[in-house]
Amino acid sequence: MPIIANDRTSARFITLEGGEGTGKSTQLKLLSEKLTEAKITHIRTREPGGAPDAEAIRELILSGGKDRWDPVTELLLMFAARREHCRRTVWPALENGQWVISDRFTDSTMAYQGYAQGVGRAAVEQIQAVTLHHFAPDLTIILDAPVETGSQRVKSRGEGNRLDNMDAEFHQAVRDGYLDIARREPDRCVVIDASAPPEAVADAIWQVVNGRFLAMRDCA
Ligand code: TYD
């Protein structure tokens, strides 16, 4: 099975995570600009999606009514899309030496399906082991903001998919889930205050990325 171990390449896999309206898409774009300035070849991608068939699964997941899927089916659909995303997009890029920055990855499934939908950590970890073996991001930035701040941003944009439209209690469980993930994996995850202005958030993210992966390069 063509699973790429994280240490087989110097290319990095960075994921951005967070609840609704925490500004992930904006921050992914700003991070991409900074990587380009630093001459780091990279691709930008997203989940669910990031490859043609994974995008088709995304459409299934995000359209329809709130109760269209039961939480376990949703979990399986997320990992089906993720496997396709990795196989078609993420692993080939890393093998080519390109960095990959992704708007969401497995922590979304843990926060949304595992914690907020109540499927539980163990079920997510089991499917994750089957789907990805030991593959994981080198760095995960968790954008954290109060639920009300995020909801207001989404409302003002007039957006909202099947999951965005869940109630405040659900979104609070997502936020708490992310903070718990960060507590459990402090080496991989960095929590950044997303209620600050976008430029300040972008600077905080860049400090982490630069400090972890690039500053050493400048000293070499
Ligand atoms: P998207 O429109 O990309 O929203 P956002 O801007 O919030 O990222 O929709 C993705 C939605 O899917 C979002 O509500 C989170 C949810 N999701 C899960 O529930 N589990 C997952 O594993 C992933 C990747 C996303």
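Counting from 1, the numbers follow the sequence of the chain as shown. The basis for the numbers below is simple: all heavy atoms, side chains too, and nothing from hydrogens, waters or symmetry mates. Computed from a predicted model, the values in this text were never measured in an experiment.
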- Task: List the atom of His42, the atom of Ser32, and the distance in Å for their closest heavy-atom pair.
- Result: NE2-OG, 2.8 Å
- Task: State plainly whether the residues Asp203 and Lys34 are in salt-bridge range, i.e. N to O under 4.0 Å.
- Result: yes
- Item | Under the side-chain hydrogen bond (donor to acceptor under 3.5 Å, both in side chains) test, residues paired with Ser195 that sit two or more places apart | Asp193
- Strictly by modelled atom types, are Arg175 and Thr22 linked by a side-chain donor-acceptor pair under 3.5 Å? no
- Close aromatic pair by centroid cut-off 6.0 Å: Tyr178 and Tyr115: no
- Query: In terms of hydrophobic clusters joined by side-chain contacts under 4.5 Å, are Val147 and Ile181 together?
  - Reply: no
- Message: Is there a continuous path of hydrophobic side-chain contacts, each under 4.5 Å between heavy atoms, that joins Leu16 to Leu30?
- Response: no
- Item | Candidates Arg82, Arg104, Arg83 - the one meeting salt bridge (charged side-chain N to carboxylate O under 4.0 Å, His left out) with Glu47 | Arg82
- Item | Arg46/Glu55 salt bridge by N-O under 4.0 Å criterion | yes
- Taking side-chain hydrogen bond (donor to acceptor under 3.5 Å, both in side chains) as the test, write out the residues that go with Gln152, two or more places apart. none
- Message: Does Gln207 have more than 12 heavy atoms from other residues, nucleotides or ligands lying within 6.0 Å of its CD?
- Response: no
- Query: What's the shortest heavy-atom distance between Ala51 and His85, and which atoms?
  - Reply: CB-CA, 4.1 Å
- Item | Min side-chain heavy-atom separation Ile141-Thr15 under 4.5 Å | no
- Using atom types as modelled and distance alone, determine if a side-chain donor or acceptor of Gln98 lies under 3.5 Å from a backbone N or O of Ala11. no
- Message: Using every non-hydrogen atom in the two residues, find where Val119 and Pro71 come nearest and quote the distance to one decimal.
- Response: CG2-CB, 3.5 Å
- Query: Under 4.5 Å between any side-chain heavy atoms of Phe105 and Cys86, yes or no?
  - Reply: yes
- Message: For the backbone of Phe13 and the side chain of Asp138, can you confirm whether one donor and one acceptor N or O come within less than 3.5 Å of each other?
- Response: yes
- Message: With a 4.0 Å cut-off on N to O distance, would you call Asp107 and Arg188 a salt bridge?
- Response: yes
- Sequence neighbours left out, what passes side-chain contact (heavy atoms from CB on, under 4.5 Å) with Ala200? Give chain and number order. Ala196, Pro197
- Message: Between Ile192 and Ile142, is there a side-chain heavy-atom distance shorter than 4.5 Å?
- Response: no
